[in-house]
Amino acid sequence: MTIRTATAPDAWGVWYASDPKQTPWERYLDEVAASGYSWTELGPWGYLPTDPAQLQDALSSRGLGLCGAAVVHPLTAPDALETLRDRLRPLCRTLVATNTPWFLLMDDSDAYLTPEARIATPEIWKRMMHVITTVAGEIRHEHGLHLLFHPHVGTAIETEPEILRLRHDTPADQVELCFDFGHHAYTGADALAFMRQHASRIPYYHFKNLDADIHARAMAAGTPFMEVFQNGVMCELDKGILDFTEVVDFLRKQDFDGFVVVEQDMYPCPPDKPLPIARHNRDVLKRLGL
């Protein structure tokens, strides 16, 4: 069993390739290393260097490795397959060059103007499953990469029934899950119970906790989820409703061999805010034996 701990630009408030509110990428990598992590996700394409050699040098000079890369894409759009393929070409080359096997795919919440709009019709759902399955097969065959689907609040695959439907409608040997504890808990579902029941299809985890008070107020007021995230609903690993002692104990019993990636959804945030939080979360993981 080897549980590798990682973090992601998201935990530094990085949601976009370029934004003046975000930490510069050089500072991000410096602070990842300073906070005690050895691995990072790539973040939005274009935030870290896109040239594979430059990226590898930036990582290795700080003792870091790349554990995965995520793409947010409007998967219900009629042209989703073609536009996603275009975006994947340079990303796949980078993942191969850096020996990074995990490609994370998620739907784009910006594609839905209302909460109701995210509910896919049978026709749209079938098309979306075709996109996901086709891309999974292509990146496996052409590049040796593994697709992880990341359910996300505010998208067509958000709730537990939708995740189970995805599992049923995609091949288990090609489409696995990146399981995000915070997003699952946000919908009101039992994240620990889901993990226990479906761990065989989860080779990669996002560790994220949920502030119960902020969440309850937001649900009562009907606050849009993006505003709730910006209000700090995702909190430090030891300060939310989820007990990560139980999570780690379960992973040990399962002899889990893979990555757990700490995120905290903090956009926008002051530049000096992320590092102390990252160090705190890394200390929490150390106390859990990771």
Side-chain angles (χ1 to χ4, degrees), residues 4 6 8 10 39 41-45 50 52 66-109 111 118 120-180 183-184 194-195 197-206 256-261 263:
R4 300 170 183 85
D10 174 85
W39 301 88
E41 285 186 2
L42 186 66
W45 179 252
T50 56
L66 194 65
C67 61
V71 167
V72 179
H73 198 77
L75 298 176
T76 58
D79 62 346
L81 183 56
E82 291 74 20
T83 54
L84 181 55
R85 280 171 170 156
D86 289 341
R87 295 182 66 191
L88 289 185
R89 291 187 186 98
L91 175 60
C92 288
R93 287 195 294 268
T94 294
L95 293 180
V96 170
T98 54
N99 296 311
T100 307
W102 299 113
F103 164 64
L104 288 63
L105 178 64
M106 65 187 78
D107 192 20
D108 189 351
S109 61
R118 71 167 198 84
T121 65
E123 178 184 357
I124 290 176
W125 180 270
K126 182 178 180 180
R127 185 172 69 226
M128 181 167 54
M129 294 303 104
H130 173 69
V131 171
I132 294 168
T133 301
T134 300
V135 167
E138 289 177 352
I139 66 171
R140 179 76 63 92
H141 175 72
E142 296 174 15
H143 305 286
L145 301 175
H146 301 269
L147 187 142
L148 302 169
F149 192 85
H150 184 323
H152 196 286
V153 172
T155 71
I157 304 175
E158 169 190 315
T159 67
E160 193 164 291
E162 291 159 352
I163 301 170
L164 295 175
R165 189 179 176 191
L166 166 80
R167 291 182 78 254
H168 180 270
D169 293 347
T170 57
D173 62 339
Q174 294 190 40
V175 180
E176 298 177 286
L177 291 177
C178 167
F179 186 63
D180 188 306
H183 282 271
H184 205 84
F194 186 93
M195 174 192 68
Q197 187 173 358
H198 302 286
S200 63
R201 204 161 166 181
I202 307 174
Y204 193 103
Y205 290 88
H206 278 177
F256 177 75
D257 187 1
F259 285 101
V260 298
V261 182
E263 291 190 317

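Every value quoted in this text rests on a predicted model; they were computed, and no experiment measured them. Every heavy atom of this structure was used, including side-chain atoms; hydrogens, water molecules and symmetry mates were not.
- Taking CG from Leu177 and OG1 from Thr170, the interatomic distance works out to 8.0 Å, rounded to the nearest 0.5 Å.
- Using cut-offs of 30° and 60° on the angle between ring planes, the pair Trp102 and His146 is tilted.
- Here the two rings, on Phe259 and Trp39, have centers that are under 6.0 Å apart.
- With a 4.5 Å cut-off on side-chain heavy atoms, Val135 and Leu81 count as touching.
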- [ ] List the steps, then state whether side chain to side chain contact (heavy atoms under 4.5 Å, CB included) holds for His184 with Met195.
- [x] CA-CA 10 Å; His184 205 84; Met195 174 192 68; over 6 Å; no
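- Closest heavy-atom contact between Ala136 and Gln174: CB-O, 3.6 Å.
- Leu91 is not listed as a side-chain neighbour of His143, based on a closest heavy-atom distance of 4.5 Å or more.
- Judged by distance alone, the side chain of Arg201 and the main-chain N or O of Val175 form a donor-acceptor pair under 3.5 Å.
- Closest approach of Thr94 to Thr50, counting heavy atoms only: OG1-O, 3.5 Å.
- The closest side-chain heavy-atom distance from Arg165 to Asp169 is below 4.5 Å.
- Across all their heavy atoms, Met106 and Ala70 have their closest contact at CE-CB, 4.1 Å.
- Across every non-hydrogen atom of Phe103 and Leu95, the tightest pair is CB-CD1, 4.2 Å.
- With rounding to the nearest 0.5 Å, the separation of CZ in Arg167 from NE2 in His198 is 5.5 Å.
- Using cut-offs of 30° and 60° on the angle between ring planes, the pair His183 and His150 is perpendicular.
- Rounded to the nearest 0.5 angstrom, Leu84 CG and Glu138 CD are separated by 9.0 Å.
- Counting only N and O atoms by type, the side chains of His73 and Thr83 include a donor and acceptor under 3.5 Å apart.
- With Glu41 as the partner, the side-chain contact (heavy atoms from CB on, under 4.5 Å) test is satisfied by one option alone out of Asp10, Thr100, Leu104: Leu104.
- For Glu123, the CD atom sits in a loose shell: 12 or fewer heavy atoms of surrounding residues, nucleotides or ligands are nearer than 6.0 Å.
- Residues Asp107 and Arg118 fail the side-chain proximity criterion, which asks for heavy atoms closer than 4.5 Å.
- A cation-pi contact, defined as under 6.0 Å to the ring centre and within 45° of the axis, is absent between Arg87 and Trp45.
- Looking at Ile157 and Ile132, their side chains come closer than 4.5 Å, going by heavy atoms from C-beta outward.
- Residues Pro74 and Ala80 share a closest heavy-atom pair of O-CB, 3.5 Å.
- Side-chain contact check for Cys92 versus Leu145: some heavy-atom pair is nearer than 4.5 Å.
- Inter-residue side-chain proximity for Asp180 and Glu263 is flagged as met; some heavy-atom pair is nearer than 4.5 Å.
- Nearest heavy atom pair, residue Thr155 against residue Glu162, reads O-OE1, 4.5 Å.
- One distance of note links OG1 of Thr98 with CZ of Arg93; it measures 13.0 Å at 0.5 Å rounding.
- Atoms OH and CZ, from Tyr204 and Phe149 in turn, are 15.0 Å apart once rounded to the nearest 0.5 Å.
- Within the 4.5 Å cutoff, the side chain of His152 has no heavy atoms near those of the Glu158 side chain.
- Here the CG-CD1 distance, from Leu75 to Ile124, works out to 12.0 Å after rounding to the nearest 0.5 Å.
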